[in-house]
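I have placed the structure first, in the form of structure tokens, so that the comments after it can refer back to it.
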There are 2 protein chains.
Amino acid sequence: MRLLFRAGTMKTLRLNSNDKAVLLGSRFFETLSAAASDAILEGAVVTNHEEHDILFQQDEPVDSVFCVLSGLVRVYRLGKDGREADIAVFPKGELFGENAMFLGNRATANAQAIGSSTIARLDSRNLRKLAEQYPDIAQALMELLCRHGQMAEDCLAEDRLLTAPQRVASYILGHCPDGSTTFSFRLPFQKNVLAGKLGLAPEALSRAFSALRRSGVTVKGRMIEIHDRQALERF
Amino acid sequence: MRLLFRAGTMKTLRLNSNDKAVLLGSRFFETLSAAASDAILEGAVVTNHEEHDILFQQDEPVDSVFCVLSGLVRVYRLGKDGREADIAVFPKGELFGENAMFLGNRATANAQAIGSSTIARLDSRNLRKLAEQYPDIAQALMELLCRHGQMAEDCLAEDRLLTAPQRVASYILGHCPDGSTTFSFRLPFQKNVLAGKLGLAPEALSRAFSALRRSGVTVKGRMIEIHDRQALERF
DNA sequence: CGCATCTTTGAGGAGTCTCAAGAGAGGTGG
DNA sequence: CCACCTCTCTTGAGACTCCTCAAAGATGCG
């Protein structure tokens, strides 16, 4: 298992047509003109990563914006004692690492592949230049930054206002369509990862699921079933 | 004491020359051309607020970006039980409320004046239009969004990695110039407010100061003295 | 000086973490 | 198809942190 990846260490590839399709289908690109998209993807490269590969590390120089083409990426910070705090988890189709672009090309957190993943890199200097040229690129970047800021604020508020079972209930409700009273879905990752995302120890997540069982939530492996949406909302 | 302010309820004024100076001296405007700044300030208005005035509330429509001209503003979210979680505290010269601009003009949090405050409002539709026209405005907006996102991520990471005394130590160190080993400064607000900003109950902040006393921190009213920077960093 | 507000201190309790061990799931090879 | 192994997840027990409530002590303002 390769624990650390550094620029230059790894084989970089050109985008294939599937990679391009994922990028163009992502939220960031959906509002862009073909010309703008092409200009961004010009010179983009792809790397493949195994589980636990480090994509970048806090305070190191970073000259790309990243996009998950397949797999999953965890962004986190390290405490002095080596403990890790997750900032966000990005699934396929999400851009991340754009902050460094505005902060002297230094990463403010670490990023790690969860499971084997394919990652696209867009040259951030190029992107900045294009943002001056195409207002819709600037607009898309602002919306990206806003969404990511919002995600962090949501997490912060939830951490401060909700208990562990309430945070888990909130996560489940976020995957539940509005109208339905009963619903089921599959977790997109291991419980381990969910625990980190919610700022919990794995044991605490497990106990939270136990507590929610009494409110009509059934958990089997990665399958979650909700039998009574109302009860969950009141939790 | 007026607890709630709503658009239209309050007397709005034009910017006076001092207001303009504060705005132009703020971080947001420092990189802008005079033409761009003038275009933004065209049509800006000012309102005066007493302590605890609400500037906007979650999910309500907001069509301005705000700037603190004097005083202090607290941005927070409400839990179902009425408890409040601070997202950020903005001092004089800081813009806030820019998120609503990218999210359908709906506020994602509440904002409240701490102490009597003067607030400028910049029309957000105007700002958006200008961002398409002036690349440096778009750039400044991106940097603003990035800084605010970063602030939230910093808070989140600190909440998850540090104990109460460690968070207080980190706050103090953030006000301490790099070279010095001994230092003192005055809190820019009541301890109450600091507690909220750090995600602590006021009692917990008090106890954290007690704990830090053993590491060479003296607290008298709002004055903080650090006698041994190293000890604080190790805490 | 007196009152209101802010801050500190104490005691008890809720919530979450850590460590340790047991149960379950998934994969591999016989 | 089963036995075995590994990895993940769950459960239990104890410790620790922080919150809440209550009361006493500062602080500041009129």
Side-chain angles (χ1 to χ4, degrees), chain A residues 1 50-52 72 74 79 81-86 114-116 155-156 158-171 186-214 217-224 235, chain B residues 1 50-52 72 74 79 81-86 114-116 155-156 158-171 186-214 217-224 235:
Chain A
M1 180 170 54
E50 303 166 15
E51 179 152 23
H52 298 140
L72 218 52
R74 186 171 80 96
D81 51 2
R83 276 172 42 243
E84 303 180 345
D86 283 28
I114 300 178
S116 60
C155 265
L156 183 63
E158 293 212 340
D159 274 21
R160 288 183 173 182
L161 290 171
L162 304 182
T163 65
Q166 288 174 324
R167 295 213 284 275
V168 176
S170 165
Y171 175 81
R186 189 181 154 82
L187 289 176
F189 31 62
Q190 286 185 333
K191 293 195 181 139
N192 225 343
V193 177
L194 178 57
K197 180 176 157 74
L198 298 178
L200 296 173
E203 298 93 327
L205 175 64
S206 194
R207 284 185 243 269
F209 276 132
S210 289
L212 292 179
R213 205 159 293 148
R214 279 151 235 151
V217 175
T218 312
V219 179
K220 254 221 171 83
R222 285 199 194 168
M223 284 306 299
I224 312 284
F235 201 92
Chain B
M1 177 170 59
E50 303 168 14
E51 178 150 26
H52 298 141
L72 218 54
R74 186 172 80 95
D81 52 1
R83 277 172 41 243
E84 303 180 344
D86 284 28
I114 301 178
S116 61
C155 265
L156 184 63
E158 292 211 342
D159 273 22
R160 290 183 171 181
L161 289 171
L162 304 182
T163 65
Q166 288 174 326
R167 295 212 285 274
V168 177
S170 165
Y171 175 82
R186 186 180 155 82
L187 289 177
F189 32 61
Q190 287 185 333
K191 295 196 181 137
N192 225 344
V193 178
L194 178 57
K197 183 176 154 74
L198 297 178
L200 295 173
E203 297 94 327
L205 175 64
S206 195
R207 283 185 243 270
F209 276 132
S210 289
L212 292 179
R213 205 160 291 147
R214 279 151 235 152
V217 175
T218 312
V219 180
K220 253 217 171 88
R222 285 200 195 168
M223 285 303 302
I224 312 284
F235 200 91

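Each chain gets a letter, A, B and so on, in the order the sequences are listed, and its residues count up from 1. All of these numbers come straight from a predicted model, not from anything done at the bench. Every heavy atom of this structure was used, including side-chain atoms; hydrogens, water molecules and symmetry mates were not.
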Winner on side-chain proximity to B:Lys191, out of C:dT8, D:dC18, C:dT9, is C:dT8

Using the side-chain contact (heavy atoms from CB on, under 4.5 Å) criterion, which residues pair with A:Arg207? Sequence neighbours excluded.
A:Glu203

Pairing residues for A:Phe189 by the ring-ring contact (aromatic ring centres under 6.0 Å, His included) criterion, not counting sequence neighbours:
none

Verify, without hydrogens or angle tests, whether A:Glu158 (side chain) and A:Cys155 (backbone) share a donor-acceptor contact under 3.5 angstrom.
no

What's the CZ-C1' distance between A:Arg222 and D:dC7, to the nearest Å?
13 Å

Check whether any side-chain nitrogen or oxygen of B:Ser210 sits under 4.0 Å from OP1 or OP2 of C:dT8, and answer yes or no.
no

At what angle, to 10 degrees, do the two end axes of the helix from C:dC1-D:dG30 to C:dG30-D:dC1 meet, given five pairs define each axis?
40°

With sequence neighbours excluded, tell me which residues meet side chain to side chain donor-acceptor pair (under 3.5 Å) with A:Arg74.
A:Glu84, A:Asp86, A:Gln112

Side chain of B:Ala201 - closest among C:dT16, D:dT17, D:dC19
D:dC19

Taken in chain and number order and not counting sequence neighbours, the residues that satisfy ring-ring contact (aromatic ring centres under 6.0 Å, His included) with B:Tyr171 are B:His175

Select base, sugar-phosphate, or nothing to describe what A:Leu205 touches, counting heavy atoms under 4.0 Å on all strands.
nothing

Given C:dT16, C:dT8, D:dT20, identify the nucleotide with an atom nearest to the side chain of B:Ser206.
C:dT8

Can you measure A:Met223 atom CE to D:dT8 atom P for me and round it to whole angstrom units?
21 Å

I'd like to check the side chain to side chain donor-acceptor pair (under 3.5 Å) partners of B:Ser206; sequence neighbours left out, ordered by chain and number.
none

For B:Ser116, side-chain contact (heavy atoms from CB on, under 4.5 Å) partners two or more places apart:
none

Calculate the interatomic distance between B:Leu200 atom CG and C:dT8 atom P; express it in whole Å.
13 Å

For B:Arg213, which residues count as a side chain to side chain donor-acceptor pair (under 3.5 Å) partner, sequence neighbours excluded?
none

Value in whole Å for how far the C1' atom of C:dG24 lies from CZ of A:Phe209:
16 Å

Contacts of A:Ala204 meeting side-chain contact (heavy atoms from CB on, under 4.5 Å) (sequence neighbours excluded), chain-then-number -> A:Leu200

d(CZ, A:Phe189; C1', D:dT8) in whole Å
16 Å

Rounding to a whole Å, what distance do you find between B:Arg160:CZ and C:dC17:P?
10 Å

For A:Arg167 and A:Leu162, indicate whether the former's side chain and the latter's backbone hold a donor-acceptor pair under 3.5 Å.
yes

Qualifying residues under side chain to side chain donor-acceptor pair (under 3.5 Å), relative to A:Arg160, sequence neighbours excluded:
B:Asp159

Looking at C:dC17, D:dC19, D:dC9, which one has an atom nearest to any side-chain atom of B:Ala204?
D:dC19

Below 3.5 Å is the cut-off: list the nitrogen or oxygen pairs between protein and nucleotides 19-21 of chain C, distance only.
| residue | atom | partner | partner atom | Å |
| --- | --- | --- | --- | --- |
| C:dC19 | N4 | A:Glu203 | OE2 | 3.0 |

Starting at CG of B:Asp81 and ending at C1' of D:dT20, how long is that distance when rounded to a whole Å?
13 Å

Enumerate all atom pairs, one protein N or O and one N or O from nucleotides 24-30 of chain D, separated by less than 3.5 Å.
none

CG/B:Leu198 to CG/B:Leu205 distance, rounded to the nearest 0.5 angstrom?
6.5 Å

Once you round it to whole Å, what is the distance between C1' of C:dA25 and CG of A:Leu187?
15 Å

